[in-house]
2 protein chains.
Amino acid sequence: MQSFTEENYLKTIYYLATRQQGEVSTNALAEMTATKAASVTDMLRKLADKQLIHYKKYQGVRLTEEGERLALQIIRRHRLWEVFLVDKLGFRWDQVHEMAEELEHIRSEELVERLDTFLGHPQFDPHGDPIPTPAGQMPETGYQKLSEMVAGEPVQLMGVLEHSTEFLQHLDRSNLTLGCTVVIREVNTFDRSVQVQLVGGQTVFISYEVAKNLLVNQPAG
Amino acid sequence: MQSFTEENYLKTIYYLATRQQGEVSTNALAEMTATKAASVTDMLRKLADKQLIHYKKYQGVRLTEEGERLALQIIRRHRLWEVFLVDKLGFRWDQVHEMAEELEHIRSEELVERLDTFLGHPQFDPHGDPIPTPAGQMPETGYQKLSEMVAGEPVQLMGVLEHSTEFLQHLDRSNLTLGCTVVIREVNTFDRSVQVQLVGGQTVFISYEVAKNLLVNQPAG
DNA sequence: ATAAAAATTTAGACTAACCTAAATTTTTAG
DNA sequence: CTAAAAATTTAGGTTAGTCTAAATTTTTAT
């Protein structure tokens with residue numbers, strides 16, 4: 001059984017590994033966990049002893065199969081609790097991240113599976129993130145970043161890569177809601193900002209900073 | 001803000017204080033928290049520094065007003081989560097104590113109040129314990145221990161003082177369910193065991209050990 | 001190619017919560 | 001009333017997770 005802290009490291013390693021190629025660095029982990037690099041090194045030795053990560057000094061870190069399975073269990077719990085908080089308790093999507101950070105560490109297989117059933121076996125959390133399977137597999141979505149699309153295409157907003165309150169409230173104020181369809185009118189080559197048109201006709205300007213945190217789908221495919 | 005562990009001490013002090021008169025002893029706390037007396041002393045000094053308990057060396061301990069308010073908030077959270085686990089997720093009353101021990105430490109006022117609303121503002125948890133108010137007040141019930149009743153009276157089973165799986169499953173096997181009405185046929189003066197008759201006619205023998213953990217009501221009063 | 005910069009690890013220390021063993025205080029029994 | 005027993009506290013130590021400062025390794029820039 002892992003501690004609270006160990007679970008957070010596993011989750012963070014998984015998170016960083018999916019957002020880049022290759023090994024995760026000590027400094028990146030220190031920044032994400034709001035600790036110092038020296039503390040990260042201590043923990044990496046401990047996780048390596050437990051065979052949850054592959055770790056060679058100065059070479060960065062990678063999850064083992066077992067480590068990834070555990071990380072995905074924690075992410076599954078996190079996302080199911082987020083669905084609960086939004087669907088059942090009526091929280092907004094920008095309010096639930098902190099609470100789910102605590103709820104994800106409650107230890108009970110049966111609790112998670114009953115919660116899953118109670119929620120109707122949801123496939124996605126309130127931010128559009130897919131919910132890993134009980135066995136610890138992350139479903140593939142095929143979503144692409146809006147920042148990588150070209151003008152002309154109609155796309156559907158399917159998820160976000162950033163969960164902060166500020167970011168999500170910014171989307172709300174821009175009338176960008178999960179599932180909405182937009183047509184890409186223009187991609188500015190200078191600042192990479194994107195201009196899209198909502199179904200109602202409203203045009204929305206999206207900075208590159210925002211666009212690279214938006215995940216979209218081709219509604220047809 | 002208190003740590004996990006501090007919250008558990010506050011809750012335990014409250015629990016022990018209601019089950020006896022006067023101050024709570026270091027040894028009693030050590031037994032309940034499954035630690036050693038020396039560790040309890042350390043924590044008592046810390047809680048006294050924070051003004052959450054009244055503490056004089058060698059003289060036992062008592063919650064301050066603020067300490068009691070916090071203890072009751074924790075108990076409120078515990079009991080609301082138990083209602084959720086039983087009413088919404090379908091757990092049995094003998095399965096929920098351990099999970100609620102973890103859930104009670106999730107920090108969010110708004111979460112608790114939304115949960116309360118979602119559950120329909122329940123007054124009692126699945127074991128018949130009253131749920132403290134948001135302000136930190138414990139409702140009075142007027143329940144009495146079955147072990148202190150006399151023969152002849154019809155009484156209603158309203159709560160239990162012991163939450164262990166073994167105890168609760170023993171009640172289930174004896175067909176003693178919360179809310180059921182029984183007539184006290186006999187109280188054995190030698191071993192203080194009680195013989196009761198269920199509405200259906202079945203007679204149940206209840207040992208003193210069990211009877212002193214059962215809370216009952218006079219259905220009329 | 002190598003010196004400077006950046007990243008990482010090691011060494012040594014801190015805090016919270018626990019422990020054991022010894023010392024002290026309170027309670028109890030005769 | 002006092003000696004033994006019980007309860008409690010103190011002293012000193014441990015572990016997990018953190019820190020700072022110094023040492024080491026890797027990367028980068030000329």
Side-chain angles (χ1 to χ4, degrees), chain A residues 1-13 15-17 19-63 67 70-71 74 101-102 104-105 107, chain B residues 1-13 15-17 19-63 67 70-71 74 101-102 104-105 107:
Chain A
M1 195 92 317
Q2 303 70 232
S3 71
F4 225 83
T5 310
E6 286 170 327
E7 289 193 349
N8 281 334
Y9 272 89
L10 290 176
K11 192 183 55 162
T12 306
I13 293 167
Y15 176 86
L16 290 171
R19 268 160 187 70
Q20 42 161 85
Q21 82 294 26
E23 329 298 294
V24 174
S25 76
T26 301
N27 267 0
L29 281 166
E31 194 185 340
M32 278 288 291
T33 56
T35 62
K36 296 303 162 82
S39 310
V40 172
T41 301
D42 282 352
M43 181 57 83
L44 294 184
R45 237 175 349 92
K46 189 162 146 191
L47 293 174
D49 287 350
K50 293 192 175 187
Q51 320 244 45
L52 299 176
I53 58 174
H54 296 292
Y55 172 56
K56 285 216 199 71
K57 286 205 301 192
Y58 297 102
Q59 306 299 295
V61 76
R62 188 164 49 80
L63 291 172
L70 288 172
I74 300 156
E101 289 284 299
E102 298 191 48
E104 72 189 6
H105 300 291
R107 283 160 216 294
Chain B
M1 196 93 312
Q2 303 69 233
S3 73
F4 226 82
T5 310
E6 287 169 326
E7 290 194 347
N8 281 334
Y9 272 88
L10 290 177
K11 193 182 54 163
T12 306
I13 293 167
Y15 176 85
L16 290 173
R19 271 162 184 68
Q20 41 161 83
Q21 80 297 24
E23 330 296 297
V24 174
S25 77
T26 301
N27 267 1
L29 280 166
E31 193 185 339
M32 277 287 291
T33 57
T35 63
K36 296 304 161 81
S39 310
V40 172
T41 301
D42 282 352
M43 180 58 83
L44 294 186
R45 237 175 351 91
K46 190 163 145 189
L47 293 174
D49 286 350
K50 294 191 175 188
Q51 320 245 46
L52 299 174
I53 58 174
H54 295 290
Y55 172 55
K56 285 215 200 72
K57 287 206 301 193
Y58 296 103
Q59 307 298 296
V61 76
R62 187 164 50 82
L63 291 173
L70 288 171
I74 300 156
E101 289 283 300
E102 297 191 50
E104 72 189 6
H105 299 292
R107 281 160 217 296

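Values below: all heavy atoms of this structure, side chains included; hydrogens, waters and symmetry mates excluded. Within every chain, numbering begins at 1; the chains are lettered A, B, ... in the order of the sequence lines, protein sequences first and strands thereafter.
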Mind checking B/Thr41 for me? I need base, sugar-phosphate or nothing, with any heavy atom below 4.0 Å counting as a touch. base

At 4.0 Å (heavy atoms only), tell me whether B/Tyr55 reaches a base, stays on the sugar-phosphate, or touches nothing. sugar-phosphate

Distance, nearest 0.5 Å, that separates NZ of A/Lys57 from OG1 of A/Thr26: 12.0 Å

Atom CG in A/Leu16, atom OG1 in A/Thr33: separation rounded to 0.5 Å? 9.0 Å

A/Thr5 vs B/Thr26, nearer the 5' end of DNA chain D by closest nucleotide: B/Thr26

Over how many whole Å does the gap from [X] atom [atom1] to [N] atom [atom2] extend?
X: B/Glu6; N: C/dC18; atom1: CD; atom2: C1'; answer: 14 Å
X: A/Glu31; N: C/dA6; atom1: CD; atom2: C1'; answer: 15 Å
X: A/Glu23; N: D/dT27; atom1: CD; atom2: P; answer: 12 Å
X: A/Phe4; N: C/dA16; atom1: CZ; atom2: P; answer: 18 Å
X: A/Leu29; N: D/dT18; atom1: CG; atom2: P; answer: 12 Å
X: A/Met43; N: D/dC19; atom1: CE; atom2: P; answer: 11 Å
X: A/Leu44; N: D/dA16; atom1: CG; atom2: P; answer: 16 Å

Which side-chain N or O atoms in residues 1-8 of chain B pair as donor and acceptor under 3.5 Å with protein atoms at least two apart or in another chain?
residue : atom : partner  : partner atom : Å
B/Ser3  : OG   : B/Thr5   : N            : 3.3
B/Ser3  : OG   : B/Glu6   : N            : 3.1
B/Glu6  : OE1  : B/Ser3   : N            : 2.7
B/Glu6  : OE1  : B/Lys50  : NZ           : 3.2
B/Glu6  : OE2  : B/Lys50  : NZ           : 2.9
B/Glu7  : OE1  : B/Arg77  : NH2          : 3.3
B/Glu7  : OE1  : B/His105 : ND1          : 2.6
B/Glu7  : OE2  : B/Arg77  : NH2          : 3.2
B/Glu7  : OE2  : B/Arg107 : NH1          : 3.2
B/Asn8  : OD1  : B/His105 : NE2          : 3.0

Taking the side chain as C-beta and beyond, is there a heavy-atom pair between A/Val61 and A/Leu29 under 4.5 Å? yes

Taking the side chain as every heavy atom from C-beta outward, state whether A/Tyr55 and A/Asp49 have any pair of such atoms under 4.5 Å apart. no

I'd like to compare against my own output: the B/S/- annotation of nucleotides 19-25 of chain C with a strict under-4.0 Å heavy-atom distance to protein. BBB--BS

Flag yes if more than 12 heavy atoms outside A/Glu101 fall under 6.0 Å of its CD atom; otherwise flag no. yes

Could you tell me whether the phosphate oxygens of D/dT8, OP1 or OP2, come under 4.0 Å of any side-chain nitrogen or oxygen in B/Asn27? yes

D/dA16 phosphate, OP1 or OP2, under 4.0 Å from A/Tyr9 side-chain N/O: no

Go through A/Ile53 and A/Val24 one step at a time and tell me if the side chain to side chain contact (heavy atoms under 4.5 Å, CB included) criterion holds. CA-CA 11 Å; A/Ile53 58 174; A/Val24 174; over 6 Å; no

